[in-house]
Amino acid sequence: MKRIAIAGVSAALAALATVGSAGSASAAAPVGAGDGGKPTGVACQQFGIGVLQDTGVLSSVAANGLEWPIGSGDYLPFSTVLNIHRTDPGTANVVLKAYADVLLPGADVDAAIDAACPA
C-alpha cells in the first residue's frame with residue numbers, strides 16, 4: 001500500500017505541470033492573511049490536497065502518509081504533512097521539488113510549486 005502512495009505522489013506531481021494556482025481575494029482579508037486573502041500557508045495546503053484529490057490518491061496518502069526522506073521507508077503522517085504545508089510552505093516547497101526531481105526527471109514543475117508554496 002505504501003508503494004501505491006509513492007506512485008500516487010508521482011502522479012500528483014505530474015499534475016503540477018497543468019494545475020495553476022487559483023484563488024480570489026475577498027474584500028476584507030482575515031487577520032493573518034497572506035497573499036490572496038487566505039491565511040499564510042493555506043493556499044499551499046489546498047494546492048497539495050487538490051493535486052492529490054484530482055489524481056485520485058488522496059485517500060491512499062491520507063491513510064499511509066508520505067515517505068520522507070524519499071526512499072527511506074519512513075512515512076510522515078498525513079496530519080504532519082498538512083501542518084507543514086500550513087505552517088512552513090518553504091519546507092513543503094523543498095519536499096515537493098525533491099519528489100519532482102526523483103519521480104519526474106526533466107519535468108519543469110518548479111514554477112507551479114513556487115506559486116503554490118513560496119520558498
Side-chain angles (χ1 to χ4, degrees):
M1 190 62 120
K2 291 183 180 182
R3 291 294 165 210
I4 292 171
I6 297 296
V9 172
S10 176
L13 286 170
L16 287 176
T18 59
V19 175
S21 62
S24 61
S26 61
V31 174
D35 293 334
K38 296 178 184 176
T40 304
V42 169
C44 179
Q45 182 183 43
Q46 289 174 336
F47 180 78
I49 290 170
V51 170
L52 294 174
Q53 188 172 32
D54 289 349
T55 56
V57 298
L58 179 59
S59 62
S60 176
V61 174
N64 298 305
L66 183 72
E67 185 177 24
W68 189 257
I70 297 170
S72 68
D74 295 327
Y75 287 76
L76 292 174
F78 189 54
S79 60
T80 301
V81 174
L82 292 174
N83 188 49
I84 290 169
H85 278 74
R86 224 177 19 258
T87 61
D88 189 357
T91 296
N93 182 296
V94 170
V95 173
L96 285 167
K97 287 181 179 177
Y99 267 94
D101 289 345
V102 170
L103 300 173
L104 301 167
D108 186 13
V109 295
D110 285 358
I113 294 170
D114 288 341
C117 303

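Everything quoted here is computed from the prediction, not taken from an experiment.
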(request) Flag the pair Asp74 / Glu67 as yes when at least one side-chain heavy-atom distance between them is below 4.5 Å, and no otherwise. (result) no
(message) Keeping Asn64 on the side-chain end and Ser60 on the backbone end, is there a donor-acceptor pair under 3.5 Å?
(response) yes
(request) Of all the heavy-atom pairs spanning Pro69 and Ser72, show the shortest one and how long it is. (result) O-OG, 2.7 Å
(request) Starting at CG of Asn93, measure out to SG of Cys44 and round the result to the nearest 0.5 Å. (result) 7.5 Å
(message) Can you tell me how far apart CZ (Arg86) and CD (Gln46) are? Round to the nearest 0.5 Å.
(response) 11.0 Å
(request) For the residue pair Leu58 and Ile49, establish whether any side-chain heavy-atom pair is separated by less than 4.5 Å. (result) yes
(message) Please say yes or no: joined through hydrophobic side-chain contacts below 4.5 Å, possibly via intermediate residues, are Val61 and Leu82 part of one cluster?
(response) yes
(request) Report whether Ile70 and Leu76 are members of the same hydrophobic cluster (ILVMFWY, side-chain heavy atoms less than 4.5 Å apart, transitive linking). (result) yes
(message) So Leu66 and Val95, do their side chains get closer than 4.5 Å, heavy atoms only?
(response) yes
(message) Within the structure provided, determine whether Cys117 and Leu96 are in side-chain contact (heavy-atom separation under 4.5 Å).
(response) yes
(message) Can you give me the closest heavy-atom contact between Ala112 and Phe47, atom names plus distance?
(response) O-CZ, 4.1 Å
(request) Please tell me if the side chains of Gln45 and Ile84 come closer than 4.5 Å, counting only heavy atoms from C-beta onward. (result) no
(message) Would you say that Thr80 contacts Tyr75 through its side chain, given a criterion of any heavy-atom pair below 4.5 Å between the two side chains?
(response) no
